[in-house]
Amino acid sequence: GGNTWAMEELVLRYRQKAFAVAYHLCSGETQDAEDLVQEAFLRAFRNLKKFQGKSTFYTWFYRILVNVCLDSIRRRNRWQRILSPWVSWKRQGGSNMEAEDVEGSVDVVREIDNRQLSKDLERAMKALPEKQRVAFQLKVLHGMSINEIAGVMGAAEGTVKSHLFRATHSLRQALKTWED
């Protein structure tokens, strides 16, 4: 009902978890994640009258947050498709943006392996279908229950379990060269 104290309480209660979700679901950029969390809270507060209490506020809000993140990913992918020919041309012009100075000596090989594993994992995660990726990230990175994920995604629990199974299987396949 426009109660500023109640709105502040909701932000304080869910801000950190929301930031973690946005950070992992989207770009891994701090500022982007903060912007997306702010956008999600704004959408939630604007649409608070639509909240019917069929789920907890937590579940309702995280559904909004996930949708904000997915919209952001779609926009970013659209711009990357538009800009990629220009970026490729620019790179061929001599600017080597990938070159990095690697300092240290003892752990250089381990550091390179960790970076490559991170890149391979990121690539494998991006290759997952959107629903599988979201379900996997909410479960593994944010510790949500199947029931909570189902509420956030607006899907049945069995569907969430199926998404998790398929995501896990795909990631294992993509990363099997890293098994000891």
Side-chain angles (χ1 to χ4, degrees), residues 10-11 13-30 32-82 84 113-180:
L10 290 171
V11 170
R13 184 176 296 172
Y14 299 115
R15 181 181 55 208
Q16 285 183 310
K17 278 187 169 186
F19 174 81
V21 169
Y23 184 84
H24 289 111
L25 277 180
C26 296
S27 64
E29 295 288 329
T30 302
D32 288 347
E34 289 173 358
D35 291 344
L36 293 168
V37 168
Q38 183 176 10
E39 174 65 24
F41 275 117
L42 287 172
R43 283 191 193 177
F45 293 141
R46 282 186 199 130
N47 295 298
L48 209 48
K49 291 179 182 175
K50 294 180 183 178
F51 177 62
Q52 299 172 354
K54 292 180 181 177
S55 64
T56 64
F57 176 82
Y58 169 86
T59 302
W60 181 76
F61 171 71
Y62 282 98
R63 184 179 216 172
I64 292 170
L65 177 64
V66 167
N67 287 333
V68 167
C69 289
L70 295 177
D71 289 346
S72 172
I73 290 168
R74 288 182 195 111
R75 275 192 308 274
R76 187 176 337 112
N77 288 343
R78 192 175 317 125
W79 280 109
Q80 284 176 345
R81 282 193 306 274
I82 292 169
S84 71
D113 279 350
N114 287 340
R115 285 184 186 177
Q116 188 59 47
L117 175 58
S118 293
K119 286 180 184 177
D120 289 351
L121 178 59
E122 184 179 343
R123 191 176 305 118
M125 290 292 291
K126 285 181 179 179
L128 290 174
E130 187 175 275
K131 290 181 181 182
Q132 289 178 23
R133 184 178 65 251
V134 169
F136 185 83
Q137 288 177 324
L138 292 175
K139 179 69 175 164
V140 174
L141 299 176
H142 303 287
M144 289 185 175
S145 69
I146 300 294
N147 186 17
E148 290 172 325
I149 297 168
V152 167
M153 293 182 70
E157 288 184 25
T159 303
V160 170
K161 289 177 183 178
S162 177
H163 288 319
L164 289 170
F165 175 81
R166 289 183 178 133
T168 303
H169 178 75
S170 294
L171 291 173
R172 282 187 180 144
Q173 288 298 111
L175 300 172
K176 66 183 174 189
T177 57
W178 289 98
E179 293 176 355
D180 289 330

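Here, residue 1 is the first one in the sequence, and each next residue gets the next number. Source: prediction; values computed, not measured.
- Here the shortest heavy-atom pairing between A22 and V37 reads CB-CG2, 3.9 Å.
- Evaluation of the salt bridge (charged side-chain N to carboxylate O under 4.0 Å, His left out) rule for E148 yields no partner, not counting sequence neighbours.
- Here the CD atom belonging to E157 is positioned 4.5 Å from the CG atom belonging to N147, to the nearest 0.5 angstrom.
- The shortest side-chain heavy-atom distance between M153 and K131 falls under the 4.5 Å cut-off.
- Counting only N and O atoms by type, the side chains of T59 and T56 include a donor and acceptor under 3.5 Å apart.
- In terms of heavy atoms, S145 sits closest to K139 at CA-NZ, 4.4 Å.
- The one candidate from Y62, F57, F19, F61 that meets the ring-ring contact (aromatic ring centres under 6.0 Å, His included) condition with F41 is F61.
- Checked against side-chain hydrogen bond (donor to acceptor under 3.5 Å, both in side chains), R43 has the following partners two or more places apart in sequence or in another chain: E39.
- A 4.5 Å side-chain heavy-atom check between Y58 and K17 finds at least one atom pair inside the cut-off.
- The shortest non-hydrogen separation linking A40 to V68 is CA-CG2, 4.1 Å.
- Taken to the nearest 0.5 Å, the CG atom of N67 stands 12.0 Å off from the CG atom of L36.
- R133 places a side-chain heavy atom less than 4.5 Å from the side chain of M125.
- Other residues, nucleotides and ligands contribute over 12 non-hydrogen atoms within 6.0 Å of the CD atom of Q173.
- Of all heavy-atom pairs between L65 and A18, the closest is CD2-O, 3.4 Å.
- Expressed to the nearest 0.5 Å, how far CD1 of I64 lies from SG of C69 amounts to 12.0 Å.
- In this structure, CZ on R166 lies 11.0 Å from CG on L164, to the nearest 0.5 angstrom.
- Of all heavy-atom pairs spanning A150 and A156, the tightest one is CB-C, 4.2 Å.
- For the pair H169 (side chain) and F165 (backbone), a donor-acceptor distance under 3.5 Å is absent.
- The neighbour count for E34 CD, taken as heavy atoms of other residues, nucleotides or ligands under 6.0 Å away, is above 12.
- Between Q132 and S170, the shortest heavy-atom contact is OE1-OG, 4.3 Å.
- Ion pair E122/K126 flagged as a salt bridge, since at least one NZ, NE, NH1 or NH2 atom sits closer than 4.0 Å to an Asp/Glu carboxylate oxygen.
- Expressed to the nearest 0.5 Å, how far CG of L10 lies from CZ of R13 amounts to 6.5 Å.
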